[in-house]
Amino acid sequence: MAIRERVTAVKADLRSKTTKAGWVLPRQSSSFADPGAWTNIDCDVTPVERRTWTALTMFGYWFSDALNAQSWMAPASIIAIGLTWREAVVCIIFGSLVCTVPLVLNGVIGAKLHIPYPVAARASFGWYFSRFAVVTRAITALFWHAIQTYTGSTAMTQIIRSIWPSYLDIPNHIPESVGITTQGMVSHLIFWSIQFPILLIPPHKLQWFFVAKCVLVITTSVAVVITMTTKAGGTGDIWNLPYGVDGSARSWLILSSLSSITGGWATMATNIPDFTRYLRSDKGVYWQVAFLPGIQLMLGFFGIICCSASKVVYGRYIWDPLEIAAQWDGPAGRCGAFFVGLSWVVAQIGTNLSANVISCANDICCLFPKYINIKRGVIIATITAAWIMQPWKIIYSAQSLLAFMAGLGIFLAPIAALLSADYWVVNKQHYDVPGLYRAHGRYRYNKYGINWRAAVAFLVSVVPSLPGMAATVNPDLAASIGDANKLYFMFYFWGYTSAFVIYSVLNYFFPNPDTKIPTTIYDDEEIVEAEDKDSDTPVDEKKGSEVETSPV
């Protein structure tokens with residue numbers, strides 16, 4: 001009887017989805033949104049019962065995000081351009097430390113106000129201009145989700161071939177122009193099918209997944225290091241490689257590598273409120289300063305040691321841990337390959353959860369709250385990234401697109417800077433939370449919904465780096481650009497710093513009095529006074545009195 005009722009309900013729900021009205025989500029009665037406007041629980045202030053994360057959860061979160069194949073291979077790009085392992089280590093440490101600045105500054109916004117990144121962006125960008133910042137972040141997340149998903153499918157290949165070696169001999173029936181083989185497509189489908197239900201788990205219930213990933217990936221990584229050094233009879237000779245460049249060229253390469261490491265975390269530095277909003281206390285945010293550099297350095301050393309040992313064992317440097325596992329045959333070798341594949345399958349799913357899918361889903365559901373919640377956003381994001389965008393083509397036939405994706409950091413750095421400057425410097429950590437949910441609230445700025453100060457700071461930050469980005473995507477332009485590409489070598493340092501300073505200065509000389517409030521407003525009952533721009537005396541902007549209360 002219960003099964004029959006369930007089937008009937010599912011059929012009715014499917015019939016309702018044939019019309020636009022059937023996709024409308026119920027409007028939350030607790031929302032701060034304007035009357036008649038839509039929002040949902042995933043856009044609203046995080047309820048108390050969903051604030052389940054602690055500092056330990058943040059530790060697991062960063063392990064989940066940083067423990068992936070790309071972090072293992074991070075030193076490869078640095079050593080490949082002519083630097084040594086010493087510069088690789090320095091770039092990893094300082095690059096990670098630099099990006100912890102916006103991670104902490106913007107993470108506090110989510111931890112204290114419990115609002116997602118798309119809502120927080122309205123305070124600095126304005127009601128409509130914030131959508132540009134949200135769309136930029138969403139597009140970046142889609143591309144990286146596609147790339148990380150395809151990397152996970154290569155890990156799935158190691159799992160399957162370790163059990164059935166003949167899996168590698170599956171005949172190919174897909175044209176070469178598609179960019180993937182039949183066997184690769186099967187691995188991609190299997191990985192995506194396993195990943196899909198895990199992506200649907202609500203973010204506030206993910207803390208134990210992050211912990212499980214930490215244990216599995218670290219254990220396997222240490223085992224791989226021990227295995228490779230045992231096979232090689234030591235750690236190899238990568239420690240003695242000479243410099244490939246000297247003089248000023250070497251200095252610019254170090255700076256470029258530093259910026260590259262930092263830019264790789266530009267996405268997380270922007271939308272970290274999407275995750276810190278689930279923290280019970282904002283104290284957990286500050287531990288990121290120790291977590292991220294430590295994790296990056298540990299995995300970077302694993303990559304350097306195993307790559308160096310692979311030169312002794314296999315006659316060539318192998319940076320990809322999955323390619324190392326692919327060399328292992330025989331019963332013991334295939335057993336090892338199975339666990340390596342399993343670890344990186346879990347690692348890639350965790351990275352997609354912590355860095356890409358949930359972030360993109362937050363962006364989509366805040367852009368279209370009437371029809372999209374986080375669960376629907378996840379479904380849209382993962383189908384789009386894994387299948388419509390065809391990640392195998394992105395990886396194998398679009399190197400310029402990969403360079404373009406790395407260059408998106410020039411857009412994300414100023415976005416992160418504007419969030420930080422607005423909250424910490426301009427508004428002294430005081431926001432009107434209900435006002436962030438209202439189209440005609442204090443953060444609309446003008447009839448166009450654009451904060452011109454943010455627009456100016458963004459343009460000044462981005463435009464000087466565009467020639468260098470163009471030369472990276474299309475090397476034929478390098479000669480005509482000349483030394484203009486030097487600024488691109490430090491795009492994150494320039495982008496973040498210039499936007500932060502310019503935005504702060506513009507607000508100092510041209511303040512917006514509507515956003516100046518002496519205390520944070522957490523609820524509609526908390527009406528406070530705004531400060532008049534021409535005097536030190538408060539002006540009763542709404543009605544009522546100044547109140548200091550705790551968050552809802």
Side-chain angles (χ1 to χ4, degrees), residues 27-47 50-51 105-135 137 270-278 282 362-370 374 415-416 418-451 453-454 503 507 512-528 530 541-542 547 549-552:
R27 186 175 183 275
Q28 303 296 315
S29 59
S30 61
S31 171
F32 294 133
D34 295 315
W38 244 265
T39 185
N40 54 62
I41 193 172
D42 297 316
C43 294
D44 283 347
V45 175
T46 306
R50 290 193 173 193
R51 300 173 195 174
L105 294 180
N106 293 335
V108 170
I109 300 175
K112 285 191 173 182
L113 304 182
H114 303 285
I115 56 176
Y117 154 69
V119 173
R122 295 168 184 168
S124 51
F125 285 83
W127 182 263
Y128 287 117
F129 191 32
S130 66
R131 297 183 181 180
F132 165 77
V134 171
V135 170
R137 167 61 188 129
T270 304
N271 69 291
I272 188 64
D274 286 341
F275 299 93
T276 56
R277 63 188 289 206
Y278 298 106
D282 61 279
N362 264 306
D363 296 340
I364 297 173
C365 80
C366 287
L367 288 171
F368 308 102
K370 187 173 182 178
I374 279 190
I415 291 175
L418 294 176
L419 263 68
S420 304
D422 188 78
Y423 183 70
W424 290 91
V425 177
V426 176
N427 288 304
K428 306 294 190 298
Q429 303 181 60
H430 298 314
Y431 275 174
D432 175 2
V433 175
L436 291 168
Y437 288 87
R438 289 172 183 150
H440 297 279
R442 71 170 78 242
Y443 299 108
R444 186 180 178 90
Y445 288 96
N446 51 45
K447 66 178 181 179
Y448 303 107
I450 298 174
N451 180 4
R453 305 159 192 81
Y503 183 76
N507 276 278
N512 178 25
D514 293 339
T515 62
K516 305 298 182 182
I517 54 177
T519 187
T520 300
I521 303 176
Y522 293 104
D523 208 343
D524 277 328
E525 284 72 25
E526 304 159 24
I527 307 299
V528 302
E541 185 207 36
K542 294 182 179 179
V547 179
T549 65
S550 300
V552 291

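Hydrogens, waters and symmetry mates are skipped; everything else that's a heavy atom, side chains included, is used.
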(message) Less than 4.5 Å apart, side chain to side chain, heavy atoms only: is that true for R453 and N512?
(response)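 Of all side-chain heavy-atom pairs linking N512 with R453, at least one is under 4.5 Å.
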Practice problem: Kindly indicate whether the side chain of S130, heavy atoms from C-beta on, has any atom under 4.5 Å from the side chain of P118. | Solution: no
Sub-3.5 Å donor-acceptor pair from the side chain of [X] to the main-chain atoms of [Y], do we have one?
{"X": "R438", "Y": "F32", "answer": "yes"}
{"X": "K516", "Y": "V426", "answer": "yes"}
{"X": "R444", "Y": "K447", "answer": "yes"}
{"X": "Y445", "Y": "A123", "answer": "yes"}
{"X": "R122", "Y": "L436", "answer": "yes"}

Give a yes or no on this: more than 12 heavy atoms of other residues, nucleotides or ligands lie within 6.0 Å of atom CZ of F132.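 More than 12 heavy atoms, drawn from other residues, nucleotides or ligands, come within 6.0 Å of this atom.
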For [X] and [Y], which heavy atoms make the closest approach, and how far apart are they?
{"X": "N451", "Y": "F129", "value": "O-CD2, 4.4 Å"}
{"X": "N446", "Y": "I450", "value": "ND2-O, 2.7 Å"}
{"X": "G107", "Y": "T276", "value": "O-OG1, 2.8 Å"}
{"X": "L419", "Y": "I109", "value": "O-CD1, 3.9 Å"}
{"X": "W424", "Y": "Q429", "value": "CZ3-NE2, 3.3 Å"}
{"X": "C43", "Y": "C365", "value": "SG-O, 3.2 Å"}

Working to the nearest 0.5 angstrom, can you tell me the gap between [X] [atom1] and [Y] [atom2]?
{"X": "R137", "Y": "T270", "atom1": "CZ", "atom2": "OG1", "answer": "7.0 Å"}
{"X": "D422", "Y": "S124", "atom1": "CG", "atom2": "OG", "answer": "5.0 Å"}
{"X": "C366", "Y": "D274", "atom1": "SG", "atom2": "CG", "answer": "7.5 Å"}
{"X": "L113", "Y": "D282", "atom1": "CG", "atom2": "CG", "answer": "10.0 Å"}
{"X": "T515", "Y": "H430", "atom1": "OG1", "atom2": "NE2", "answer": "12.5 Å"}
{"X": "R131", "Y": "F125", "atom1": "CZ", "atom2": "CZ", "answer": "14.5 Å"}

In this structure, is the centre-to-centre distance between the rings of Y431 and Y423 below 6.0 Å?
yes
Applying side-chain contact (heavy atoms from CB on, under 4.5 Å) to Y117 and N106, what does each step give before you reach the verdict? CA-CA 9 Å; Y117 154 69; N106 293 335; over 6 Å; no
Identify, with sequence neighbours excluded, every residue that meets side-chain contact (heavy atoms from CB on, under 4.5 Å) alongside A421.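 side-chain contact (heavy atoms from CB on, under 4.5 Å) list for A421, sorted by chain: F500, Y503, S504.
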Could you tell me whether R50 and D42 have a side-chain N and a carboxylate O separated by less than 4.0 Å?
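So R50 pairs with D42 through a salt bridge.
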Which is it for D514 and Y443 under the side-chain contact (heavy atoms from CB on, under 4.5 Å) test, yes or no, and what are the steps along the way?
CA-CA 8 Å; D514 293 339; Y443 299 108; over 6 Å; no
Under the side chain to side chain donor-acceptor pair (under 3.5 Å) rule, collect the residues that match up with R277, sequence neighbours excluded.
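Side chain to side chain donor-acceptor pair (under 3.5 Å) list for R277, sorted by chain: T46, N362.
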- Query: Under the side-chain contact (heavy atoms from CB on, under 4.5 Å) criterion, do Y437 and D44 qualify, and how do the steps go?
  - Reply: CA-CA 8 Å; Y437 288 87; D44 283 347; 3.8 Å; yes
Using side-chain contact (heavy atoms from CB on, under 4.5 Å), reason through R442 and I517 one step at a time and then give a plain yes or no. CA-CA 10 Å; R442 71 170 78 242; I517 54 177; 3.4 Å; yes
